[in-house]
Amino acid sequence: MRVRFAPSPTGYLHIGGARTALFNWLFARQQGGQFVLRIEDTDTERSRPELIDVIFRALEWLGLEWDGTPVHQSQRGHLYAGAIEKLLADGAAYWCDCTPDEVKARAESRGGRPGYDGHCRDRGLGPGEGHVVRFRVPDEGTVAFDDVIRGRVSFENANLEDFVVQRSNGSPMFHLANAVDDADQGITHVVRGEDLINVTPKVLLLRQALGTPGELAFAHLPLIVNEKRQKLSKRRDDVSVGDYIDRGYLPEAMVNYLATLGWGPPDGIEIRPLAEIVQLFRLEDVNAAGAFFDVKKLQHFNGEYIRDLSIPQFVSRSTRWLYDEAPWAPERFDVATFEVLAPLVQERVKLLSEVPGYVDFVFLPEPPLDEASWEKVMGKAPELAASVLDHATERFATCEWDAPTLEVALFSYADEHGVAKGKVQAPVRVATTGRTVGPPLFESLEVLGRDETLRRIASARARL
RNA sequence: GCCCCCAUCGUCCAGUGGCCUAGGACGCCGCCCUUUCAAGGCGGUAACACGGGUUCGAAUCCCGUUGGGGGUGCCA
């Protein structure tokens with residue numbers, strides 16, 4: 001059994017494509033079959049060759065290894081030309097010189113029914129400037145197929161127009177290339193988005209006319225939709241896989257989440273290793289209804305996967321945000337220091353891109369200035385803040401410099417003055433880290449060091 | 001307009017004629033834990049679109065209605 005993922009390099013890999021690739025991959029691995037790639041770049045106008053590699057890298061990031069060498073349709077023109085020649089010779093296709101405008105105008109005068117009217121069917125035209133080749137769709141009969149997910153689906157030939165199989169510039173249309181390649185590559189199952197379900201009868205008709213032996217099974221996956229329940233669009237929706245990589249999503253979280261869109265494991269355990277999903281996955285159990293791409297849930301998955309990392313893994317996965325995209329000067333960063341805080345940061349972030357925000361106060365010469373935090377704590381209760389900072393200054397000056405000791409030292413204030421610990425830690429937190437939220441305070445101070453901590457407290461005290 | 005597909009909590013998934021006073025997860029709300037924020041624990045909120053059948057019995061089968069989506073290109 002062999003499946004294929006056939007992206008068109010007209011854009012980066014998006015969430016929908018990633019899901020299609022994943023389900024093909026899962027099905028292939030589950031069945032012990034092959035998962036091959038095919039680049040559908042027959043439209044020379046729109047294809048952007050440089051995007052092919054972007055798509056490959058995204059697939060690699062997701063961990064969806066493919067079998068064999070990817071096939072590029074742009075390099076197989078002779079195969080399609082041969083197929084078109086055969087169709088023409090058999091009378092299954094014919095030349096047409098109607099311009100799109102003429103087709104449209106006639107459709108309108110007929111009463112709004114769009115589509116080609118068969119104008120050139122029997123005109124006996126040959127090749128020529130501006131001539132396309134159209135497939136002659138039988139006037140009667142039906143094309144039907146059994147969809148693994150949807151059951152029997154059928155179309156009346158009468159509702160199909162004579163579609164173009166070869167453009168006027170000589171390049172083949174994707175239906176044609178599809179029919180030829182699926183046969184040539186020995187594809188047994190076509191697993192793709194539901195948005196392509198209506199091209200299936202055309203491909204089937206083509207296979208029939210071409211005399212392609214064997215059966216092709218189809219499975220049309222439910223579309224992934226946005227909050228308005230519309231098909232995800234590159235224009236209006238946030239769907240670039242690359243963007244998710246940049247935001248600090250883990251590929252295992254992305255792949256795991258994607259697997260739950262349109263499918264669910266029988267035991268209900270959603271977050272689990274890909275290897276288990278491969279075992280449990282059943283194409284026939286995939287839902288037929290569209291699924292909403294819920295970033296909140298994706299984030300939850302991501303958080304789970306991040307917390308599941310070992311510290312070395314967490315550190316290495318965060319590399320990019322610790323060096324290249326860090327808000328601090330590279331020379332101020334110190335991995336050993338980061339590693340101390342890492343476990344505390346790890347259980348607080350949902351995205352790796354959030355990591356710098358939890359430790360920047362250590363590597364920046366001054367605590368980041370967050371006005372809202374300052375106002376909330378220092379602005380609202382300046383007397384308490386001053387009193388707490390003075391207390392901290394005094395106790396921190398001489399005590400042992402470790403988290404437990406620092407905690408006792410600072411919270412003695414809480415006992416002495418009958419103030420809640422939360423109120424006591426706040427001014428010190430804002431003074432030293434700049435924000436009201438962050439990793440546990442005393443571990444943070446331990447890393448910051450006595451001198452810097454006292455300096456920052458003094459600086460904040462002076463600002464009150 | 002025409003063609004095709006779809007229809008269980010706000011969302012994702014389970015449920016394949018009786019185990020359903022419909023289960024899990026995300027989200028949301030509350031409580032606990034707690035130096036902030038998280039994480040974790042406990043609890044709660046919330047759905048079978050509607051109408052007909054079939055059947056002793058329907059979320060599950062059939063038909064219709066409504067609603068939603070996709071397609072309708074010399075894009076894929």
Side-chain angles (χ1 to χ4, degrees), chain A residues 6-11 40-43 45-47 96 98-100 103-104 111-116 130-134 147 149-150 153-156 158-161 163-171 173-175 177-178 192-201 220 222-223 225 227-231 257 260-271 285 287-301 303-304 307 344-350 358 373 377 407 410-411 414 420-426 428-430 433 435-442 444:
Chain A
S8 181
T10 51
E40 306 222 323
D41 50 359
T42 55
D43 186 347
E45 306 277 306
R46 279 167 239 254
S47 283
C96 165
C98 299
T99 65
V103 172
K104 199 180 169 195
R113 278 181 303 289
Y116 184 67
H131 293 197
V132 300
V133 177
R134 285 182 184 275
D147 190 287
I149 296 170
R150 282 151 223 285
V153 180
S154 68
F155 295 79
E156 297 287 327
N159 289 320
L160 264 30
E161 60 177 311
F163 54 93
V164 173
V165 292
Q166 182 179 79
R167 299 185 181 85
S168 57
N169 70 4
S171 63
M173 287 290 287
F174 96 108
H175 317 95
N178 235 276
R192 40 141 68 144
E194 195 202 340
D195 50 345
L196 290 167
I197 197 167
N198 44 242
V199 327
T200 304
H220 288 93
L223 258 23
V225 302
E227 57 289 331
K228 290 163 74 180
R229 303 240 118 229
Q230 296 167 320
K231 174 171 96 162
Y257 174 66
T260 69
L261 255 30
W263 177 82
D267 60 9
I269 299 172
E270 296 180 310
I271 297 181
D285 287 344
N287 273 173
F292 172 60
F293 184 68
D294 187 352
V295 180
K296 283 248 186 71
K297 188 159 180 177
L298 204 213
Q299 284 189 4
H300 176 262
F301 274 44
E304 293 275 335
R307 274 174 257 127
L344 305 174
V345 175
Q346 187 182 14
E347 64 181 41
R348 287 173 169 73
V349 297
K350 282 199 165 70
Y358 277 88
S373 292
V377 176
E407 177 173 348
L410 181 63
F411 286 155
K421 290 175 176 177
K423 294 282 185 193
V424 176
Q425 60 94 36
V428 178
R429 181 182 289 282
V430 172
T433 73
R435 305 190 186 89
T436 52
V437 298
L441 182 61
F442 305 108
S444 298

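Just so it is clear: chains get the letters A, B, ... in the order the sequence lines come, proteins before strands, and each one is counted from 1.
- Whole-Å rounding puts the A:Glu227 CD to B:rG27 P distance at 18 Å.
- The distance from atom CG of A:Leu261 to atom C1' of B:rC12 is 7 Å, rounded to the nearest whole Å.
- At whole-Å resolution of the value, CZ in A:Arg429 and P in B:rA38 are 12 Å apart.
- No contact: A:Pro7 has no heavy atom under 4.0 Å from any strand.
- Within 4.0 Å of A:Phe301, counting heavy atoms only, lies no atom of the nucleic acid at all.
- When each of A:Gly438 and A:Leu160 is assigned the nucleotide of RNA chain B with its nearest heavy atom, A:Leu160 is the one assigned upstream, toward the 5' end.
- Side-chain atoms of A:Val132 lie closest to B:rC74 of the nucleotides B:rC74, B:rA39, B:rA76.
- Remark: B:rG1 base-pairs with B:rU72; criterion is Watson-Crick or G-U wobble with both hydrogen-bond distances under 3.5 Å.
- Nucleic acid contact for A:Val164: sugar-phosphate only, since backbone atoms but no base atoms lie under 4.0 Å from a heavy atom of the residue.
- Contact check for A:His175 versus A:Phe163: side-chain heavy atoms found under the 4.5 Å cut-off.
- Atom P of B:rA14 sits at a distance of 24 Å from the matching atom of B:rA58, rounded to the whole Å.
- We find that NE2 of A:His300 is positioned 11 Å from P of B:rC28, with the value rounded to whole Å.
- Among the protein residues, A:Ala288 comes within range of the sugar-phosphate backbone only, with heavy atoms under 4.0 Å from sugar or phosphate atoms but none that close to a base.
- The same atom, P, is picked in B:rA46 and in B:rC2; the two are 41 Å apart, to the nearest Å.
- Residue A:Asn287 places at least one side-chain N or O closer than 4.0 Å to OP1 or OP2 of B:rA14.
- Candidate nucleotides B:rC4, B:rU72, B:rC12 were compared by shortest atom distance to the side chain of A:Lys297, and B:rC12 ranks first.
- Within 4.0 Å of A:Thr10, counting heavy atoms only, lies no atom of the nucleic acid at all.
- In this structure, A:Arg435 reaches neither bases nor backbone, as no heavy-atom distance under 4.0 Å exists between it and the strands shown.
- Looking at heavy atoms from C-beta onward, A:Val377 lies out of side-chain contact with A:Arg429 at the 4.5 angstrom threshold.
- Summary of the strand contacts: A:Gly290 and A:Gly130 both lie near RNA chain B, and taking for each the nucleotide with the nearest heavy atom, the more 5' one is attributed to A:Gly290.
- At the heavy-atom level, A:Val153 lies under 4.0 Å from the strands shown only through sugar-phosphate atoms.
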All N/O pairs under 3.5 Å across the protein-nucleotides 62-70 of chain B interface:
unit_1 : atom_1 : unit_2   : atom_2 : d
B:rG70 : OP1    : A:Lys231 : N      : 3.3

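- Donor-acceptor pairing under 3.5 Å, judged by distance alone, is absent between the side chain of A:Thr260 and the base of B:rC13.
- Under the 4.5 Å side-chain criterion, counting only non-hydrogen atoms from C-beta, A:Phe442 is in contact with A:Leu410.
- Considering only the side chain of A:Glu304, B:rG40 comes nearest among B:rG40, B:rU72, B:rC37.
- In this structure, A:Tyr116 places its OH atom 25 Å from P of B:rG71, rounding to the nearest Å.
- For B:rG44 and B:rG53, the C1' atoms lie 39 Å apart once the distance is rounded to whole Å.
- What separates NZ of A:Lys421 from P of B:rC33 is a distance of 12 Å, to the nearest Å.
- Of the nucleotides present, B:rG44 is the one that pairs with B:rC28 by Watson-Crick or G-U wobble criteria, both distances under 3.5 Å.
- Side chain of A:Glu270, nearest nucleotide from B:rG24, B:rA76, B:rC74: B:rG24.
- In terms of modelled atom types and a separation under 3.5 Å, the side chain of A:Ser373 and the main chain of A:Thr436 share a donor-acceptor contact.
- Atom name P, nucleotides B:rA47 and B:rC12: the rounded distance is 16 Å, in whole Å.
- A:Glu194 places none of its side-chain heavy atoms less than 4.5 Å from the side chain of A:Ile149.
- Residue A:Thr436 has no polar side-chain atom (N or O) positioned under 4.0 Å from OP1 or OP2 of B:rC37.
- Nucleotide B:rC33 forms no Watson-Crick or G-U wobble pair with any nucleotide shown, as no partner meets the under 3.5 Å limit on both distances.
- Contact annotation: A:Lys296 side-chain N/O to B:rG10 OP1/OP2 distance is not under 4.0 Å.
- Residue A:Ser171 is classed as having no contact, given no heavy-atom separation below 4.0 Å to the nucleic acid.
- As a whole-Å value, the separation of A:Gln346 CD from B:rA39 P is 13 Å.
- By the 4.5 Å heavy-atom criterion applied to side chains, A:Thr10 and A:Asp43 are not counted as neighbours.
- Closest to the side chain of A:Pro114, out of B:rA76, B:rC74, B:rG73, is B:rG73.
- A:Ser8 places a side-chain N or O within donor-acceptor distance of the main-chain N or O of A:Glu40, the cut-off being under 3.5 Å.
- Using a distance-only test at 3.5 Å, with no hydrogens or angles considered, a donor-acceptor pair links the side chain of A:Gln425 to the main chain of A:Gly422.
- Between B:rG68 and B:rC62, the distance separating the two C1' atoms is 22 Å to the nearest Å.
- With hydrogens and angles left out, the side chain of A:Lys350 and the base of B:rA38 share no donor-acceptor pair within 3.5 Å.
- Side-chain to base pairing of A:Arg150 with B:rC5: no donor and acceptor N or O lie closer than 3.5 Å to each other.
- In this structure, the nucleotide among B:rC6, B:rU35, B:rA25 sitting nearest to the side chain of A:Gln425 is B:rU35.
- If you check B:rC74, B:rU72, B:rU35 against the side chain of A:Phe411, the one that comes closest is B:rU35.
- At distances below 3.5 Å, not a single donor-acceptor pair connects side-chain atoms of A:Asn287 with backbone N or O atoms of A:Ala289.
- Evaluation of the salt bridge (charged side-chain N to carboxylate O under 4.0 Å, His left out) rule for A:Arg348 yields no partner, not counting sequence neighbours.
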Pairs of donor and acceptor atoms involving the side chains of residues 292-301 of chain A, under 3.5 Å and at least two apart or interchain, shall be tabulated with distances.
unit_1   : atom_1 : unit_2   : atom_2 : d
A:Asp294 : OD1    : A:Lys296 : N      : 3.1
A:Lys297 : NZ     : A:Glu270 : OE1    : 3.3
A:Lys297 : NZ     : A:Glu270 : OE2    : 3.1
A:Gln299 : NE2    : A:Tyr249 : OH     : 3.4
A:His300 : NE2    : A:Glu304 : OE2    : 3.4

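- Annotation: B:rC63 and B:rG71 have their C1' atoms spaced 26 Å apart (nearest Å).
- Among the heavy atoms of the strands lying under 4.0 Å from A:Pro440 is at least one base atom, whether or not backbone atoms are also near.
- Separating the P atom of B:rC13 from that of B:rU66 is a span of 26 Å, rounded to the nearest Å.
- Note: CD (A:Glu347) to P (B:rA38) measures 12 Å, nearest angstrom.
- For the pair A:Gln166/A:Met173, no side-chain contact is recorded, criterion being any heavy-atom separation below 4.5 Å from C-beta on.
- Nucleotide B:rA14 forms no Watson-Crick or G-U wobble pair with any nucleotide shown, as no partner meets the under 3.5 Å limit on both distances.
- When distances run from any side-chain atom of A:Tyr358 to the nucleotides B:rU72, B:rC37, B:rC6, the shortest one goes to B:rC37.
- At a threshold of 4.0 angstrom between heavy atoms, the contacts of A:Phe155 are confined to the sugar-phosphate backbone, with no base atom among them.
- Searching all strands for a Watson-Crick or G-U wobble partner of B:rA49 with both distances below 3.5 Å returns B:rU65.
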